[in-house]
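Reading through the C-alpha cells given below for one structure.
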Amino acid sequence: MEETETRAFLSNEQHPEEEEEPQLPRSMVMSLYLGYFLARWGARTWEFSVALYMIYLWPNSLFLTAMYGAVESGSTAIFGPIVGQMIDGMSYVKVLRLWLVTQNLSFIVAGGSVIALLLVPDLKSQNFPVFATLVVLTNLSGAIGVLSTLAGTILIERDWVVVMSEGHSPAVLTRMNSVVRGIDLSSKLLSPVITGLIISFVSLEASAVTFAAWATITVWIEYWLFISVYNGVPAILQSDERRCLRLSSQTDIASQYYVPLLTDENTQSRSGNMRILERISESSFVGAWRNYLNQDIVLPGVALALLFFTVLSFGTLMTATLEWKGIPTYIIGIGRGISAGVGLTATVVYPLLLSRLSPLRTGLWSFWSQWTCLLVCVGSIWVEKEKIASYMLMAGVAASRLGLWMFDLAVIQQMQDLVPESDRCVVGGVQNSLQAALDLMANLLGIIVSNPKDFWILTLISFATVSLAGVLYTVHLYRIRKHLFHLEKIPLLNNFFIRNRST
C-alpha cells in the first residue's frame, strides 16, 4: 500500500520521455470552461451579496447574516453526502438538468425575495410575519441554490476534469485543475467588484435585480455549453456508459436478494430496534461516510475541511463586520477582488511547484505559508485604530489566499490520484458535506457572538482551528514519508550528512 501511495504522489516528479498523445478538442475544453465560468459567476455573486443584504435588513447585528450562513452550510452538511450518491446514481445528462435548473431557479426566487424586502425598508416594523416569511424564503432558496451548485462542482471538478484528462500525461490534469480553479477565483475576484460598484453607485435593489436577471438568462447558455461537451468528448460518453452499466448491474443484484430478504424468518423475528439500526447502517448517508473514512486521503480531507471553520475569509461574517465598521462597500468588493486575485496566482504557481515537488509536499509548504500570513490578522486585534485594524485584517486574509488555494489544489489532486473512479462523486459529496458542517459551526459561533465588536474572539478561534488543520496535515505527511524535510538538500547541512554517511 505504501509503495502504491508513493508512486501516486511522486508521479508528478518523474519526467519520462514524452510520447505523442491524443489532444483534447480545444472547442470542447473552452465550452467546459465558459459554462463553468457562467455557473460560478452567479454562485459567487450571491455569496458576496447576501451578507450585504442581511446586514442592511438587520443593522448593528450579525444575527441574520450568521443565520443565513448556518442554514446554507447546515443543508450542505446534511445533504452533501446524499447529493454525491445521487450524482453517482444518475446519468450525466440528468445531473446537468438537475443542477442547472435547480440552481438558477433557486437564485431567481432568492433574488425576488430580496427585492421585495428591500423595496419596503420598514417591513420589519410594519408587518413582521411577512418580513420573517420573506427572510425564511431567501434563506431556503439560497441554500437550495448553493446545494445544487455542489452537484455541479462535484460533476465538473471531481469527475469530468479527471475523465477528460485520462490517457494524457499528469500535467494535463494539473493544468485543467489550475484553469478550473482559476475560473472560480476569477469569478470570486470580479463579481464582488462589479456588485460592489452597483450597490455603491446605484442601489442594493439594482444589484438584486441584476442577480435575478443573470440567473434567468444564463441557465440556457450553460446547458447548451455543457451538453455540447458531453456529446463532443468521447471519454465522457464512455464514462457515462460505464456508469449506466454499473447502475443496472447493481439494480439486478439488489432485485435478486430483495424477496429472500423479506421472507427470511430470522429477519422477521428481529426486534424493531435492530431493524432501525440496520436501516441506518445501510442508509446512503452512513454508507457515504463509511466510504470516505476508508480512503487513504481522509486526513488531508479533514485538514482542508477545518479551514472552513473560520471567519478569516471574505465570507458573509467578515464582510458584514467590515460593513458595520464603516468600510465602504466598493472597498470591500475591491478587497475581496484583490484577495481572489492573489488566490488566482496560485493557479500559476501550483503547476510550477508541482514540477519539482509531489502534491503531498506542495500541500505542506502551501499550508504553512498561508498560516504565516494569517498572523497579520491576529496582530490586528491589538491595533487601536479601527480603520487600520480593518485594513490589516483584509491584507492578512488576502495574502493568505495564495497558500490556501495551492493547498486546496494539492488536496484535490491527491483525491483524484488515490480515490477510485466509482467512489469519486461519493467522496466528493462527503468532503463538501464535512466542509459545510465546519462552516456551519463557524456561523453558529457568529450567532452566539453576534456583536461585531467581538469579532476578535472569532478571529482567535479561527486561527486556532487553522493551526489544528496544519498539524493534522503535517502528521499525515510524516506518516507517509517518514520525514518532513530533505535536510540534506540544504547546502549548509549537506557536508554534515555526507560526513555522517561516510562514518
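Keep in mind the model is a prediction, meaning the values are calculated, not measured.
- Contact check for M164 versus V172: no side-chain heavy atoms found under the 4.5 Å cut-off.
- Two residues are said to be in side-chain contact when any heavy atoms from C-beta on lie closer than 4.5 Å; R401 and C373 fail this criterion.
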message: Apply side-chain contact (heavy atoms from CB on, under 4.5 Å) to residues Y56 and L204 and explain how you reach the verdict.
response: CA-CA 9 Å; Y56 175 83; L204 273 171; 3.5 Å; yes

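- Residues passing the side chain to side chain contact (heavy atoms under 4.5 Å, CB included) test with V378 are W382, L460, F463, sequence neighbours excluded.
- Annotation for F63: atom CZ does not count as buried by contact number, only 12 or fewer foreign heavy atoms lying within 6.0 Å.
- Among residues two or more places apart in sequence or in another chain, the side chain to side chain contact (heavy atoms under 4.5 Å, CB included) test is passed with W220 by none.
- Between L317 and A66, the shortest heavy-atom contact is CD2-CB, 3.9 Å.
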Residues L344, S186; criterion side-chain contact (heavy atoms from CB on, under 4.5 Å); working and verdict: CA-CA 7 Å; L344 192 59; S186 297; 3.6 Å; yes

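- The aromatic rings of H476 and Y473 sit tilted, their planes meeting at an angle between 30° and 60°.
- Across every non-hydrogen atom of S313 and V397, the tightest pair is CA-CG1, 3.7 Å.
- Of the possible polar contacts, one joining the N443 side chain to the D439 backbone as a donor-acceptor pair under 3.5 Å is found.
- Within the 4.5 Å cutoff, side-chain heavy atoms of L52 are placed close to those of F48.
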task: Determine, step by step, whether I183 and W41 satisfy the side-chain contact (heavy atoms from CB on, under 4.5 Å) criterion, reporting the C-alpha distance in whole Å, the side-chain angles of both residues, the deciding distance to 0.1 Å, and the verdict.
output: CA-CA 9 Å; I183 290 169; W41 183 278; over 6 Å; no

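- Not counting sequence neighbours, the partners of Q435 by the side chain to side chain donor-acceptor pair (under 3.5 Å) test are Q431.
- Atom-to-atom distance recorded for L304:CG and L299:CG is 12.5 Å, nearest 0.5 angstrom.
- Two residues are said to be in side-chain contact when any heavy atoms from C-beta on lie closer than 4.5 Å; T474 and Y478 fail this criterion.
- The main-chain N or O of Q103 is found under 3.5 Å from a side-chain atom of S148 such that the two form a donor-acceptor pair.
- Here N231 pairs with I227 under the side chain to side chain contact (heavy atoms under 4.5 Å, CB included) rule; sequence neighbours left out.
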Cut-off 3.5 Å, no hydrogens considered: what does the side-chain donor-acceptor table look like for residues 131-147, sequence neighbours left out?
from	atom 1	to	atom 2	distance (Å)
T133	OG1	P129	O	2.7
T138	OG1	L134	O	2.8
S141	OG	A110	N	3.4
S141	OG	L137	O	2.7
S141	OG	T138	O	3.3

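- Looking at every heavy atom in both residues, L98 comes nearest to T102 through O-OG1, 2.6 Å.
- For the pair T195 and F211, the minimum side-chain heavy-atom distance is 4.5 Å or more.
- Applying the salt bridge (Lys or Arg N to Asp or Glu O under 4.0 Å) test to every pair with at least one member in residues 171-185, sequence neighbours left out, gives these pairs: R40-D184, R44-D184, E157-R181, R181-D184, R181-D408.
- Of all heavy-atom pairs spanning Y292 and V302, the tightest one is OH-N, 3.7 Å.
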Show me the donor-acceptor pairs, under 3.5 Å and distance only, between side chains in residues 329-342 and residues at least two apart or in other chains.
from	atom 1	to	atom 2	distance (Å)
T329	OG1	E323	OE1	3.1
R336	NH1	F314	O	2.1
R336	NH2	E47	OE2	2.4

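- Q413 has its side chain within reach of Y350: a pair of non-hydrogen atoms, C-beta onward, lies under 4.5 Å apart.
- F455 is linked by a side chain to side chain contact (heavy atoms under 4.5 Å, CB included) to V311, M318, T321, L393, L458, T459, counting only residues two or more places apart in sequence or in another chain.
- Side-chain atoms of S380 come within 3.5 Å of backbone atoms of C377 as a donor-acceptor pair (strictly under, hydrogens ignored).
- Once rounded to the nearest 0.5 Å, the distance linking CZ of F309 with CG of L440 reads 10.0 Å.
- A heavy-atom distance below 4.5 Å is not found between the side chains of L306 and V466.
- Residues satisfying the ring pair (Phe, Tyr, Trp, His ring centres under 6.0 Å) test with Y92, not counting sequence neighbours, are W160.
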Anything under 3.5 Å between a donor and an acceptor, one on a side chain of residues 28-35, the other on a protein residue two or more places apart or in another chain? List them.
from	atom 1	to	atom 2	distance (Å)
S31	OG	S27	O	2.9

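- Looking at heavy atoms from C-beta onward, L364 lies out of side-chain contact with F407 at the 4.5 angstrom threshold.
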- request: With side-chain contact (heavy atoms from CB on, under 4.5 Å) as the test, would you mind laying out the steps for F79 and L150 before giving the verdict?
  value: CA-CA 10 Å; F79 298 109; L150 169 61; over 6 Å; no

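- Counting heavy-atom neighbours within 6.0 Å of W368 CH2, excluding the residue itself, gives a total above 12.
- Pairs passing the salt bridge (Lys or Arg N to Asp or Glu O under 4.0 Å) check and including a residue from residues 100-129, sequence neighbours excluded, do not occur.
- Between F367 and W371, the distance separating the two ring centers is not shorter than 6.0 angstrom.
- In this structure, the separation between CG on L38 and CD1 on I221 is 6.0 Å, given to the nearest 0.5 Å.
- The closest donor-acceptor contact from the side chain of R356 to the backbone of L352 lies at 3.5 Å or more, if one exists at all.
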query: After noting the C-alpha distance and the side-chain angles of W99 and T149, does the key distance pass the side chain to side chain donor-acceptor pair (under 3.5 Å) rule?
result: CA-CA 7 Å; W99 161 34; T149 300; 5.0 Å; no

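- Expressed to the nearest 0.5 Å, how far CD of Q414 lies from CG of L409 amounts to 11.5 Å.
- T310 places no side-chain N or O within 3.5 Å of a backbone atom of L307 that could act as its donor or acceptor partner.
- The closest donor-acceptor contact from the side chain of S165 to the backbone of L173 lies at 3.5 Å or more, if one exists at all.
- Under a 3.5 Å cut-off, the side chain of S49 and the backbone N or O of W46 do not form any donor-acceptor pair.
- Environment of CH2 in W324: crowded, with over 12 heavy atoms of neighbouring residues, nucleotides or ligands closer than 6.0 Å.
- No donor-acceptor pair under 3.5 Å is formed between the side chain of S358 and the backbone N or O of L354.
- Rounding to the nearest 0.5 Å places CD of Q370 at 10.0 Å from CE of M406.
- The two residues A212 and I108 make their nearest non-hydrogen contact at O-CG1, 3.9 Å.
- In this view, E386 satisfies the salt bridge (Lys or Arg N to Asp or Glu O under 4.0 Å) rule with no residue, not counting sequence neighbours.
- Between the side chain of S200 and the backbone N or O of L197 there is no donor-acceptor pair closer than 3.5 Å.
- Atom OG of S400 is separated from atom CG of L374 by 4.5 Å, given to the nearest 0.5 angstrom.
- Nearest heavy atoms, L322 versus S390: CD2-CB, 4.0 Å.
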